[in-house]
Amino acid sequence: MASLQRAFFLLIAFAAFSGLSPVSPEPAPAQAASDPFGRWVNGVWPEARKKGVSRKMFARAFKGVSPDPEVLKLAEHQPEFVRPIWKYLESAVSKKRIANGRKMARKHRALLGRIEARYGVDRYTILAIWGMETNYGSFRGNKYVIRSLATLAFQGERRKFGRSQLLAALKILQNGDITPKKMTGSWAGAMGHTQFIPTTYAANAVDFTGDGRRDIWGSIPDALASTANYLKVSKWRTGETWGYEVDLPKGFDYALTGRKRVKTLAQWLALGLKRAKGKKFPRPDDRASIILPAGAQGPAFAIIGNFRSILRYNNATSYALAVGHLADRIRDANATGFAKPWPVKYLPLARSQRFELQRLLVERGFRPGKVDGILGSGTRAAVRAFQKANGMAVDGYPSTVVLKRLQSGG
């Protein structure tokens with residue numbers, strides 16, 4: 001009997017130490033059981049436990065947490081997707097941000113040199129991402145990451161994303177890299193100086209200082225090195241740029257544009273394309289795609305491999321273009337803006353107009369995919385097909401001109 005009692009008390013002690021319970025496998029409710037959000041949180045516990053999160057940490061992470069209505073509102077108005085690209089670039093690559101980037105390049109010259117040597121990633125691209133994400137660390141987000149991700153996972157259109165990131169964030173807390181109180185970030189759960197989402201942090205963050213913690217929140221060396229490591233893993237090519245502004249020849253076939261259409265720069269040259277401002281391509285054998293972020297009326301760009309690496313950070317053309325252009329402006333004090341002006345009269349579609357565009361494309365027999373207001377590759381392909389059928393420039397740009405043609409019965 002004594003041996004059984006000792007065994008029982010040892011089990012209790014082990015359970016208390018490990019955060020498990022020999023009596024009940026369920027955690028104490030984070031909210032009242034009658035609260036739908038509280039019940040949902042309790043439903044997350046089995047998955048969190050499988051990821052190695054203790055009961056104690058789970059309860060600590062969710063203490064006092066409720067849905068954040070502002071998160072859902074912000075999710076519908078991401079600037080990369082709802083603002084005209086020229087307006088986005090105007091603020092992203094401002095004179096002040098360029099100047100601050102050059103200041104940071106001088107201040108962290110030695111650190112950036114070590115990071116560049118270890119990961120092979122251009123220091124100016126790292127600085128540009130830092131500037132884009134948090135204005136060089138001046139604003140890293142003040143929302144509690146667990147609350148933001150729980151809100152996205154509980155309701156809205158990004159439940160799958162929110163749940164996967166939430167579980168990864170709980171695992172980060174369990175590992176001790178940061179405390180719940182200090183785990184702050186953006187509405188989407190992006191964290192630290194260069195705004196890693198939790199799964200990206202888990203896979204790519206590094207302890208550059210060697211202090212045993214991957215601290216992207218408080219350590220500039222860890223944050224910038226983690227960014228370099230992520231770009232390296234994303235197939236960054238050392239010594240190469242992101243792409244070039246180009247001039248398209250008269251009569252250019254716009255059906256050749258888009259990320260999926262790839263040719264060497266030499267092949268594009270043979271089709272009459274030239275680099276803007278009379279410059280030459282340093283490596284004609286580089287494989288490139290031609291993109292028209294504002295349609296045929298705006299600047300054209302030949303993007304190469306490193307542009308795609310930046311897209312892994314944020315899969316928005318406007319974001320990757322801003323990072324590349326900001327890096328160029330930080331690097332070279334004599335660099336200027338793009339040669340061809342943006343077509344400011346050709347405003348992109350508002351959210352309600354995007355839905356209408358997709359519905360009308362479906363009615364006319366084209367296939368944009370899901371009618372969701374998101375102008376992805378499917379919608380752009382449908383726009384190109386419509387433009388071709390109606391004798392328009394086949395640039396795939398979903399402008400108000402295309403919408404008006406659809407509305408008129410084209």
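Worth knowing before you read on, the calculation uses all heavy atoms, side chains too, and leaves out hydrogens, waters and symmetry mates.
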Is the backbone N or O of [Y] less than 3.5 Å from a side-chain atom of [X], with the two atoms forming a donor-acceptor pair by type?
X: Glu116; Y: Arg123; answer: yes
X: Ser309; Y: Ser234; answer: yes
X: Asp395; Y: Ala296; answer: yes
X: Thr134; Y: Ser138; answer: no
X: Asn204; Y: Thr200; answer: yes
X: Gln267; Y: Thr264; answer: yes
X: Asn175; Y: Asp177; answer: no
X: Arg354; Y: Leu349; answer: yes

How long is the span from the [atom1] atom in [X] to the [atom2] atom in [Y], to the nearest 0.5 Å?
X: Leu231; Y: Arg312; atom1: CG; atom2: CZ; result: 9.5 Å
X: Asn314; Y: Ile129; atom1: CG; atom2: CD1; result: 9.5 Å
X: Leu173; Y: Met183; atom1: CG; atom2: CE; result: 4.0 Å
X: Lys388; Y: Tyr254; atom1: NZ; atom2: OH; result: 15.5 Å
X: Arg364; Y: Arg359; atom1: CZ; atom2: CZ; result: 12.0 Å
X: Leu256; Y: Lys263; atom1: CG; atom2: NZ; result: 6.0 Å

Would you call [X] and [Y] a side-chain contact if the rule is heavy atoms closer than 4.5 Å?
X: Glu157; Y: Leu152; result: no
X: Arg55; Y: Arg49; result: no
X: Leu292; Y: Gln297; result: no
X: Tyr201; Y: Ser226; result: no
X: Phe386; Y: Met392; result: yes
X: Gln195; Y: Ile216; result: no
X: Lys404; Y: Gln407; result: yes
X: Val41; Y: Val65; result: no

Looking at every heavy atom in both [X] and [Y], which two are closest together, and how far apart are they?
X: Ala188; Y: Leu149; result: O-CD2, 3.5 Å
X: Phe208; Y: Pro221; result: CB-O, 3.8 Å
X: Ala92; Y: Met132; result: CB-SD, 3.5 Å
X: Gln358; Y: Gly373; result: OE1-N, 2.7 Å
X: Pro299; Y: Pro293; result: O-CD, 3.7 Å
X: Leu89; Y: Ser318; result: CD2-O, 4.2 Å

ring-ring contact (aromatic ring centres under 6.0 Å, His included) partner of Tyr244, the single match among Trp268, Phe301, Phe281 =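 One option only clears the test, and that one is Phe281.
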Output all residues satisfying side chain to side chain contact (heavy atoms under 4.5 Å, CB included) with Thr199, sequence neighbours left out; order by chain, then residue number.
->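 By the side chain to side chain contact (heavy atoms under 4.5 Å, CB included) rule, Thr199 matches Gln165, Ala168, Ile197.
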Could you tell me whether Arg158 sits above the aromatic face of Phe161, with NZ or CZ closer than 6.0 angstrom to the six-membered ring centre and within 45 degrees of the axis?
->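 Ring-cation test returns yes.
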Answer yes if the side chains of [X] and [Y] hold a donor-acceptor pair under 3.5 Å, and no otherwise.
X: Thr194; Y: Thr227; value: yes
X: Thr336; Y: Lys277; value: yes
X: Arg259; Y: Thr317; value: yes
X: Trp130; Y: His193; value: yes
X: Arg97; Y: Ser91; value: no

Does the pair Lys171 and Leu167 meet the rule for a side-chain contact (heavy atoms from CB on, under 4.5 Å), with working shown?
-> CA-CA 6 Å; Lys171 182 66 175 176; Leu167 291 167; over 6 Å; no
Once the angle between the rings of [X] and [Y] is folded into 0 to 90°, is it parallel (under 30°), tilted (30 to 60°) or perpendicular (over 60°)?
X: Phe58; Y: Phe62; result: tilted
X: Phe154; Y: Phe37; result: perpendicular
X: Trp242; Y: Phe307; result: tilted
X: Tyr313; Y: Tyr230; result: tilted

What's the verdict on side-chain contact (heavy atoms from CB on, under 4.5 Å) for Thr179 and Arg60, showing C-alpha distance, side-chain angles and the deciding distance?
-> CA-CA 10 Å; Thr179 63; Arg60 183 182 174 193; 4.1 Å; yes
Report the C-alpha distance between Ser54 and Gln174 in whole Å, list the side-chain angles of each, state the deciding distance to 0.1 Å, and finish with yes or no for side chain to side chain donor-acceptor pair (under 3.5 Å).
-> CA-CA 7 Å; Ser54 72; Gln174 183 65 43; 3.2 Å; yes
For atom CZ of Arg237, is the number of surrounding heavy atoms from other residues, nucleotides or ligands below 6.0 Å larger than 12?
->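 No, not enclosed.
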Please say whether more than 12 non-hydrogen atoms of neighbouring residues, nucleotides or ligands are located less than 6.0 Å from CZ in Arg283.
->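 Counting other residues, nucleotides and ligands, CZ of Arg283 exceeds 12 neighbours.
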Asp207 bridged to Arg213 by N-O distance under 4.0 Å =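 Salt bridge flag = no for Arg213 with Asp207.
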Answer yes or no: is there an ion pair linking Arg140 with Glu133, defined by an N-O contact shorter than 4.0 Å?
->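 A salt bridge is absent here (no side-chain N lies under 4.0 Å from a carboxylate O).
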Which residue pairs pass the salt bridge (charged side-chain N to carboxylate O under 4.0 Å, His left out) test with at least one member in residues 328-346, sequence neighbours excluded?
->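 Those involving residues 328-346 are Asp122-Arg331, Asp328-Arg331.
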Do Ser289 and Arg308 pass the side chain to side chain donor-acceptor pair (under 3.5 Å) test, and can you show the C-alpha distance, the side-chain angles, and the key distance before you say yes or no?
-> CA-CA 10 Å; Ser289 298; Arg308 300 177 190 277; 2.7 Å; yes
Determine the sole option in Val206, Ile126, Leu224 for which the side chain to side chain contact (heavy atoms under 4.5 Å, CB included) test with Tyr119 is passed.
->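 Only one of Val206, Ile126, Leu224 forms a side chain to side chain contact (heavy atoms under 4.5 Å, CB included) with Tyr119, namely Val206.
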Check the pair Val383, Gln387 against side-chain contact (heavy atoms from CB on, under 4.5 Å), reporting the backbone distance first and the verdict last.
-> CA-CA 6 Å; Val383 168; Gln387 290 170 325; 3.7 Å; yes
